[in-house]
Undergrad: 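I have a structure here, written as structure tokens, and I will follow up with some questions on it.
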Number of protein chains: 2
Amino acid sequence: MFNETRTHEITVDTVILTMFDDELKVLLIKRHNEPFKDKWAIPGGYVRMSENLDQAAERVLKEKTGVDNVFLEQLYTFGDPLRHPTSRVITCAYFALVRANDVQVFSDPDVAWHNVNDLPPLAFDHKQIIEYSKKGTRERLEVCPVAYQLLNEKFTLTEMQKAYELIMGKQLDKRNFRKKVLCAEGLIELNEFSKFTSKRPARLYTFDKINLDSLRGHFIMSNKEKVC
Amino acid sequence: MFNETRTHEITVDTVILTMFDDELKVLLIKRHNEPFKDKWAIPGGYVRMSENLDQAAERVLKEKTGVDNVFLEQLYTFGDPLRHPTSRVITCAYFALVRANDVQVFSDPDVAWHNVNDLPPLAFDHKQIIEYSKKGTRERLEVCPVAYQLLNEKFTLTEMQKAYELIMGKQLDKRNFRKKVLCAEGLIELNEFSKFTSKRPARLYTFDKINLDSLRGHFIMSNKEKVC
DNA sequence: TAAGTTTAGTGTATTATAAACAATTTTAAA
DNA sequence: TTTAAAATTGTTTATAATACACTAAACTTA
């Protein structure tokens, strides 16, 4: 069935996640061409000869959202011979966490955010890739406070808890959550309050970006809270 | 510098780890051809058109060690344009844990086990790949008792602790270690004792393979013991 | 302007897990 | 039989996780 040659096509596909309307959203693009015409797909593209895989993923992310300098990490490489119906394409999947406000609003109705837990029919193995990225985000959150990547620069603790809850897929106790994050390094309490909430304003916090490298090991979701 | 075409060569490279002489060992092959002639390299090969990446890694492992049905997991994909000096080769790296006794003894002096912490000059980016695999093995051990993959079918708790210590890169307390593993699921106490030790014989244990799938989440090294 | 509604914010007691720590037992070898 | 090496075993302390409910502040509306 296959001609056992040595070359394949290699792409990067990027699962771009953000948070709004109390949902984790993934950016999808509706395909205009075969294969999988009219199905939705995560953004991707061929790896160029002069760039490494991280650079290819950054380029795709920048092209589709206009953002860079955000959390972007290699997830897994998918290489099933039949994942592409007409050619042999191996794809290195990345996942990115971006702030909804940073993304350029696109008027194209064929580029849209979808709830990661309520996906339309997807092209290729992209459903599997998105499922992997949900798991990867959760595992990443267990060792590193990546959830702040989804939040605005200034955020309330309620917003932060919501991000944790969406990624972990479970509700957290408000008092225990605040106790844990308030004693963690890197979180800075501001003397500002959210103005746009309709009820009691909430204190705003921000992250000390300079110390983010040292945060590995902090903000750990406990073993018991792990979704195994 | 580069012709931005769409095809690259893709290989799998496999970090094969085992344990003997109280050391974690990695299987290396001395290269006979350029590039990197006479440097050591981890076993690898081109991905065939008809196989997926897991199958390619299994094939390479089987060819080099004669073993299959062992722990073998995708690690990371390395795609720096300059990682291969003369062509554009993207490699999907895997890591495997095997029992030293299961591996066919090879008489070829250019195939040898090396201490992972004392490596000879390596070809390509293989030093980086091996470092990644040490980290990957440690992280895997934190959520799953993969260390048993390095042990014989019947093993003593001292041997098991040694495997944990080598992977974690630190010494563990004997009493706390035994307390933790003895109350974990899947470990079966045998009425047999090691005969080849020169002093007091140690009780042998084995793993309940049937229940291994349910072991995720057990045998967790605590957060405090994590090497971050 | 008072009452009602919504969200923000806070502390303690209990339980579970991890960590520190040393003496005794068993066998083979001398 | 004495000695040496490795195996085996429990308790105490410290830390972390969990469960749990009321008050405070601001806006809305009657």
Side-chain angles (χ1 to χ4, degrees), chain A residues 21-22 141-143 145 151-152 154-165 168 170-185 187-206 215 217-228, chain B residues 21-22 141-143 145 151-152 154-165 168-185 187-206 217-228:
Chain A
D21 293 346
D22 280 358
L141 186 62
E142 283 165 0
V143 293
L151 304 170
N152 291 320
K154 300 175 180 180
F155 52 85
T156 68
L157 293 188
T158 301
E159 287 165 352
M160 189 183 189
Q161 182 176 341
K162 192 76 208 174
Y164 269 69
E165 288 178 338
M168 301 303 289
K170 61 190 294 191
Q171 293 212 310
L172 301 172
D173 179 87
K174 189 178 9 173
R175 278 170 293 187
N176 292 338
F177 179 81
R178 293 163 101 93
K179 200 190 315 173
K180 198 188 290 187
V181 301
L182 283 174
C183 71
E185 285 180 63
L187 190 72
I188 299 172
E189 183 181 291
L190 300 173
N191 279 321
E192 297 176 57
F193 294 83
S194 67
K195 298 187 173 77
F196 305 111
T197 173
S198 60
K199 305 296 169 185
R200 174 177 175 179
R203 182 179 287 277
L204 294 173
Y205 293 80
T206 192
L215 286 177
H218 292 279
F219 278 76
I220 295 172
M221 291 286 95
S222 73
N223 292 334
K224 289 220 179 130
E225 287 179 351
K226 273 185 189 172
V227 181
C228 278
Chain B
D21 294 346
D22 280 358
L141 187 62
E142 284 166 0
V143 293
L151 304 170
N152 292 320
K154 299 174 180 180
F155 52 86
T156 69
L157 292 188
T158 300
E159 288 165 351
M160 189 184 190
Q161 183 176 342
K162 191 77 208 172
Y164 270 69
E165 287 178 339
M168 301 302 290
K170 62 189 294 194
Q171 294 212 310
L172 301 172
D173 179 88
K174 193 179 358 178
R175 278 168 294 184
N176 291 339
F177 179 81
R178 293 163 102 94
K179 201 190 314 174
K180 198 188 290 187
V181 301
L182 284 174
C183 72
E185 284 181 64
L187 191 71
I188 299 172
E189 182 181 290
L190 300 174
N191 279 322
E192 297 176 58
F193 294 83
S194 67
K195 298 187 172 75
F196 304 110
T197 173
S198 60
K199 304 297 170 187
R200 176 177 174 179
R203 183 179 288 278
L204 294 174
Y205 292 80
T206 193
H218 292 279
F219 278 79
I220 295 172
M221 292 285 93
S222 73
N223 291 333
K224 289 220 179 131
E225 287 178 351
K226 272 186 190 172
V227 181
C228 278

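Residue numbers start from 1 in every chain, and the chains themselves are labelled A, B, ... in the order their sequence lines are given, proteins ahead of strands. Since this is a predicted model, take the numbers as computed values, not measurements. Both backbone and side-chain heavy atoms feed into the values below; hydrogens, waters and symmetry mates do not.
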Undergrad: Taking salt bridge (Lys or Arg N to Asp or Glu O under 4.0 Å) as the cut-off, I'd like each qualifying pair that reaches into residues 194-204 of chain A, sequence neighbours left out, listed once.
TA: E189(A)-R203(A)

Undergrad: Sequence neighbours left out, what passes salt bridge (Lys or Arg N to Asp or Glu O under 4.0 Å) with R175(A)? Give chain and number order.
TA: none

Undergrad: In whole Å, what is the span from the CZ atom of F177(B) to the P atom of dA6(D)?
TA: 18 Å

Undergrad: Measuring from I188(B):CD1 to L190(B):CG, what's the distance to the nearest 0.5 Å?
TA: 7.0 Å

Undergrad: Measure from NZ on K195(B) to P on dA28(C) and round the result to the nearest Å.
TA: 12 Å

Undergrad: Looking at residues at least two apart in the chain, or sitting in another chain, which of them share a side-chain hydrogen bond (donor to acceptor under 3.5 Å, both in side chains) with K174(B)?
TA: none

Undergrad: Between atom CD in E142(A) and atom C1' in dA16(D), what is the gap in whole Å?
TA: 16 Å

Undergrad: If I take atom NZ in residue K180(A) and atom P in nucleotide dT15(D), what distance separates them, rounded to the nearest angstrom?
TA: 18 Å

Undergrad: Could you encode protein contacts along nucleotides 5-13 of chain C as a string, one character per nucleotide from 5' to 3', using B for base contact, S for sugar-phosphate-only contact and - for no contact, with a heavy-atom cut-off of under 4.0 Å?
TA: -BBBBBBB-

Undergrad: Quick one: salt bridge (Lys or Arg N to Asp or Glu O under 4.0 Å) partners of E192(B), sequence neighbours excluded?
TA: K154(B)

Undergrad: Please identify each residue that fulfils side-chain hydrogen bond (donor to acceptor under 3.5 Å, both in side chains) with Q161(B), with sequence neighbours left out.
TA: E165(B)

Undergrad: Give the rounded distance in Å between these two atoms: OH of Y164(B) and P of dA18(C).
TA: 13 Å

